[in-house]
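I have placed the structure first, in the form of structure tokens, so that the comments after it can refer back to it.
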Amino acid sequence: MKTAIAAPGHVIRRNGGKISYWQREYQQSASDSTGVSLADYIHAFYFFLMQAGVRDVLTIGCGGGTLATMLWRSGVDVTVVDIEPRSFAIARKYFAMPADIPCHVADGIAWLKAHRRRHGAIVLDAFGPNGMPEVFMADSFFRLAKSRMTARGGLFLMNVIVDDDEDRTPDRLVRLMRRHWRGVKLLDTDGWVDRNAVIAAGAV
């Protein structure tokens, strides 16, 4: 295994054909050498978006930019917002994220408030040193996100880290989201710790 320090607290590891990006103890991304994600939940996001025929996606959270790269290569218009500017440089240098993908250094909520453009889909995959910020798990955020989605056919996707089978966070979020969307689906698998669950709302 080869390790490189991309920036203080930001580590790139190479193991055969796998590249992973770590921010302290959190793995932000893993991909093959072409930038295609090795994370199941990223592929779930991708296929939800492809099946819905979405052509315009806003992603909050960059990591290695693998979802944005995969969507861009499929002809989808993608905009990425992240509060961590080093993520964009890492995604382009190590994970083959195209330079043409618009990337903006900003807080996701502040960006949504400042820009009234409606998107076909919004994807939330944002984690800091203490996990997902609480502001992204509040009723007010879901209301704001829905107001920035197209009225018909809009899709909201969210990555949730689940501690274990006793963690009720995904269920709580689904209840909150059902105040704003009729269709809300939870994709989760019992029996794993520190796992990724996907919540999909809107045109599911």
Side-chain angles (χ1 to χ4, degrees), residues 1-7 9-52 54 57-76 78-82 84-101 103 108 121-129 131-132 136 155-165 167 169-170 185-200 204:
M1 179 184 292
K2 296 181 179 180
T3 301
I5 306 300
H10 300 254
V11 176
I12 302 299
R13 295 175 180 161
R14 297 178 186 269
N15 188 1
K18 176 183 176 180
I19 305 171
S20 58
Y21 165 29
W22 295 78
Q23 190 173 352
R24 297 178 178 87
E25 71 272 23
Y26 291 96
Q27 181 174 281
Q28 297 288 343
S29 280
S31 81
D32 65 14
S33 59
T34 68
V36 174
S37 180
L38 300 178
D40 292 345
Y41 82 93
I42 292 291
H43 286 271
F45 282 165
Y46 176 82
F47 284 109
F48 263 123
L49 295 165
M50 290 294 98
Q51 289 170 3
V54 174
V57 179
L58 172 69
T59 68
I60 300 174
C62 178
T66 54
L67 177 63
T69 297
M70 292 162 63
L71 291 171
W72 183 264
R73 290 173 180 168
S74 297
V76 178
V78 188
T79 300
V80 186
V81 173
D82 197 304
E84 174 52 77
R86 287 169 290 194
S87 290
F88 299 136
I90 289 169
R92 287 178 171 136
K93 181 176 181 179
Y94 296 99
F95 290 89
M97 187 173 77
D100 290 340
I101 295 178
C103 296
I122 295 176
V123 178
L124 176 64
D125 189 11
F127 292 88
M132 179 175 283
F136 288 129
L155 186 61
F156 178 84
L157 298 171
M158 179 178 190
N159 174 31
V160 182
I161 300 297
V162 186
D163 292 337
D164 51 40
D165 291 350
D167 187 351
T169 301
K185 303 291 185 182
L186 171 63
L187 283 72
D188 193 9
T189 303
D190 291 343
W192 297 85
V193 297
D194 294 328
R195 62 185 185 255
N196 297 94
V198 169
I199 305 178
V204 295

Find the distance between CH2 (Trp22) and CD (Gln28) and round it off to the nearest 0.5 Å. 10.0 Å
Anything under 3.5 Å between a donor and an acceptor, one on a side chain of residues 59-73, the other on a protein residue two or more places apart or in another chain? List them.
residue : atom : partner : partner atom : Å
Thr69   : OG1  : Gly65   : O            : 2.9
Arg73   : NH1  : Thr34   : O            : 2.8
Arg73   : NH2  : Thr34   : O            : 2.7

Can you tell me how far apart OG (Ser33) and NZ (Lys18) are? Round to the nearest 0.5 Å. 13.5 Å
Pairwise distance NE2(His10) to CD(Glu84) - rounded to 0.5 angstrom: 4.0 Å
Minimum heavy-atom separation for Leu49 to Ala121, with atom names? CD2-CB, 3.4 Å
Quick check: closest heavy atoms across Asp167 and Asp163, and the distance to 0.1 Å? OD2-N, 2.9 Å
Side chain to side chain, Ile42 and Asp125, heavy atoms closer than 4.5 Å: yes
Quick one: side chains of residues 90-98, donor-acceptor pairs under 3.5 Å with protein atoms, not counting sequence neighbours, listed by atom name and distance.
residue : atom : partner : partner atom : Å
Arg92   : NH2  : Ile101  : O            : 2.8

Phe48 and Val54, any side-chain heavy atoms less than 4.5 Å apart: no
Determine whether more than 12 heavy atoms belonging to other residues, nucleotides or ligands lie under 6.0 Å from atom CG of Asp40. no
Donor-acceptor pair, side chain of Asp32 and main chain of Gly35, under 3.5 angstrom: yes
With a 3.5 Å cut-off and no angle check, do the side chains of Ser37 and Tyr46 form a donor-acceptor pair? no
Flag side-chain contact, heavy atom, 4.5 Å: Phe45 against Val57: no
Contact between Met132 and Thr169 at the side-chain level, heavy atoms closer than 4.5 Å - yes or no? no
Within the structure provided, determine whether Met50 and Ser74 are in side-chain contact (heavy-atom separation under 4.5 Å). yes
Return a table of donor-acceptor pairs under 3.5 angstrom between the side chains of residues 190-198 and protein atoms on other chains or two or more places apart.
residue : atom : partner : partner atom : Å
Arg195  : NE   : Asp188  : OD1          : 2.7
Arg195  : NE   : Thr189  : O            : 2.9
Arg195  : NH1  : Asp165  : OD1          : 2.9
Arg195  : NH1  : Trp192  : O            : 2.5
Arg195  : NH2  : Asp165  : OD1          : 3.3
Arg195  : NH2  : Asp188  : OD2          : 3.2
Asn196  : ND2  : Asn159  : OD1          : 3.1

